Amino acid sequence: MTHNAEPRPAVARQSEALRGKARVPGDKSISHRSFMFGGLASGETRITGLLEGEDVMRTGEAMKAMGARIEKNGNEWIINGVGNGCLLEPQAPLDFGNAGTGSRLTMGLVGTYDMETTFIGDASLSGRPMGRVLEPLRQMGVQVVKAAPGDRMPITLRGPKHAAPITYRVPMASAQVKSAVLLAGLNTPGVTTVIEPTMTRDHTEKMLQGFGANLDVETDEQGVRHIFIEGQGKLTGQTIAVPGDPSSAGFPLVAALIVPDSDITIENVLMNPTRTGLLLTLQEMGGNIEILNPRDAGGEDVADLRVRSSELRGVVVPAARAPSMIDEYPVLAAAAAFAEGETLMQGLEELRVKESDRLAAVARGLEANGVDCTEGETTLSVRGRPGGKGLGGGTVATHLDHRIAMSFLVLGLATEKPVTIDDANMIATSFPEFMGLMKELGATID
Ligand code: S3P
């Protein structure tokens with residue numbers, strides 16, 4: 001298992017122009033959900049473009065442990081699901097490795113079953129708060145049989161004979177919490193309602209509708225979303241083509257903006273509006289990003305992105321944009337390090353509970369490489385140095401966080417001195433092809 005492997009440092013060096021075409025792997029959020037919903041639905045689900053990162057594979061293993069049949073045939077994953085309400089009690093703890101999405105959504109999916117399920121994970125995942133998911137599950141009648149202090153993993157859940165439908169207002173902007181409650185609602189009689197004051201990624205809603213769930217969304221005058229799901233309905237297997245992950249696309253994208261004379265095209269990127277905050281921000285900063293061939297692919301917007309090196313300038317990134325770029329702040333910080341003036345990012349409270357405390361990890365990594373920045377309680381400001389003269393030369397602690405690792409390797413492609421990261425192993429959780437893809441475009445990483 002990678003999370004027990006020896007740390008593998010990596011070094012990024014100032015690179016020649018990045019050129020060429022690239023395709024990033026499938027979207028992580030959609031890939032997790034494809035395995036989950038395919039494993040749950042009746043009949044066959046066929047998936048192409050799936051992200052074969054470690055996090056998603058853990059979700060696949062969990063679904064297999066609960067009765068789904070999952071196999072790969074050529075480029076296609078074929079799943080035979082158990083049918084809604086028919087998951088089996090796993091015989092061993094479900095090990096989710098580094099994956100917050102896999103574990104939190106699965107807690108919702110199985111929590112309401114009248115069986116015992118234990119969740120374990122690596123050191124990063126075991127430090128993350130699970131109370132945000134356990135709290136609504138408790139209201140539905142789920143018992144938390146065991147948990148480490150602070151509602152942390154290892155966690156054992158036991159569902160009631162009959163779960164109670166609830167109306168739950170999500171207290172923080174979190175697609176994982178929203179999704180966990182909706183998935184718990186699938187195995188609950190009656191209608192479970194989730195109220196979402198700030199819209200987050202809507203893959204659960206869209207995909208469940210695609211699988212045939214009786215799910216409706218109403219948005220009130222204040223812009224608050226009310227999501228209704230009727231439990232115990234039938235789900236039917238689907239054919240899914242997973243589009244490229246915009247969060248992964250962020251790495252070559254920022255690299256091409258900051259490495260002089262670059263010109264790359266990233267093909268087939270998901271453009272769902274709940275995921276495009278980074279793109280908007282980089283365009284506001286003066287980034288030369290062309291959106292080519294916008295099209296519909298299986299109900300999702302996708303496009304190709306042509307990116308050329310640009311002179312960036314600092315901007316204010318408002319808190320309201322955080323949900324649509326929540327995983328992209330570390331790589332935005334790398335872009336901001338080369339922008340003229342200050343970039344101020346607001347509303348970052350959720351960054352503190354990601355795979356690492358990303359706000360602190362980014363600030364320490366920037367400081368180690370001579371980038372002038374200020375970490376606030378929920379803000380980060382970065383004062384950039386166009387050209388990157390004098391920057392770099394530091395070693396970054398990645399804290400088992402794939403996005404910290406990739407963001408600082410991107411930074412090092414344009415700093416005067418090399419940037420070292422202490423461990424590249426975790427990159428495999430979300431973007432196993434990262435090193436090869438970046439080198440193919442011309443990046444110097446060793
Ligand atoms: C995800 C939701 C986000 C995001 C994560 C994937 C999802 O987490 O950071 O990488 O697939 O639902 P939160 O719900 O904690 O914001």
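Keep in mind that this is a model prediction, so the values were computed, not measured. Note that ligands are numbered from 1 as they come in the structure, with each ligand's atoms numbered from 1 the same way.
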Does any N/O atom on [X] come nearer than 3.5 Å to any N/O atom on ligand 1?
X: V177; answer: no
X: R403; answer: no
X: S29; answer: yes

ask   = Heavy-atom contacts under 4.0 Å between H32 and ligand 1: side chain, backbone, both, or neither?
value = neither
ask   = With under 30° as parallel and over 60° as perpendicular, where do the rings of F96 and F119 fit, or are they tilted in between?
value = parallel
inquiry  = Would you call the rings of F434 and F431 parallel, tilted or perpendicular, taking 30° and 60° as the class edges?
reply    = perpendicular
ask   = For atom 12 (O) of ligand 1, what's the nearest protein heavy atom and its distance?
value = R33 NH2, 2.7 Å
Under 4.0 Å from a heavy atom of [X]: give me the atoms of ligand 1 that qualify, with their elements.
X: I326; result: 9 (O)
X: D327; result: 4 (C), 5 (C), 9 (O), 10 (O)
X: T101; result: 1 (C), 5 (C), 6 (C), 7 (C), 11 (O)

Check: [Y] main-chain N/O paired with [X] side-chain donor or acceptor under 3.5 Å:
X: D220; Y: Q222; answer: yes
X: T45; Y: Q238; answer: yes
X: S407; Y: V331; answer: yes
X: D27; Y: I30; answer: yes

Can I get a per-line list of side-chain donor-acceptor pairs under 3.5 Å for residues 125-137, giving both atom names and the distance, sequence neighbours left out?
residue : atom : partner : partner atom : Å
S126    : OG   : G121    : O            : 3.2
S126    : OG   : D122    : O            : 2.8
R128    : NE   : V353    : O            : 3.1
R128    : NE   : K354    : O            : 3.3
R128    : NH2  : V353    : O            : 3.2
R132    : NH1  : E350    : OE1          : 2.9
R132    : NH2  : E350    : OE1          : 3.4
R132    : NH2  : E350    : OE2          : 3.2
E135    : OE2  : Q139    : NE2          : 3.0

Winner among E355, K354, H203 once heavy atoms are compared against atom 3 (C) of ligand 1 = K354
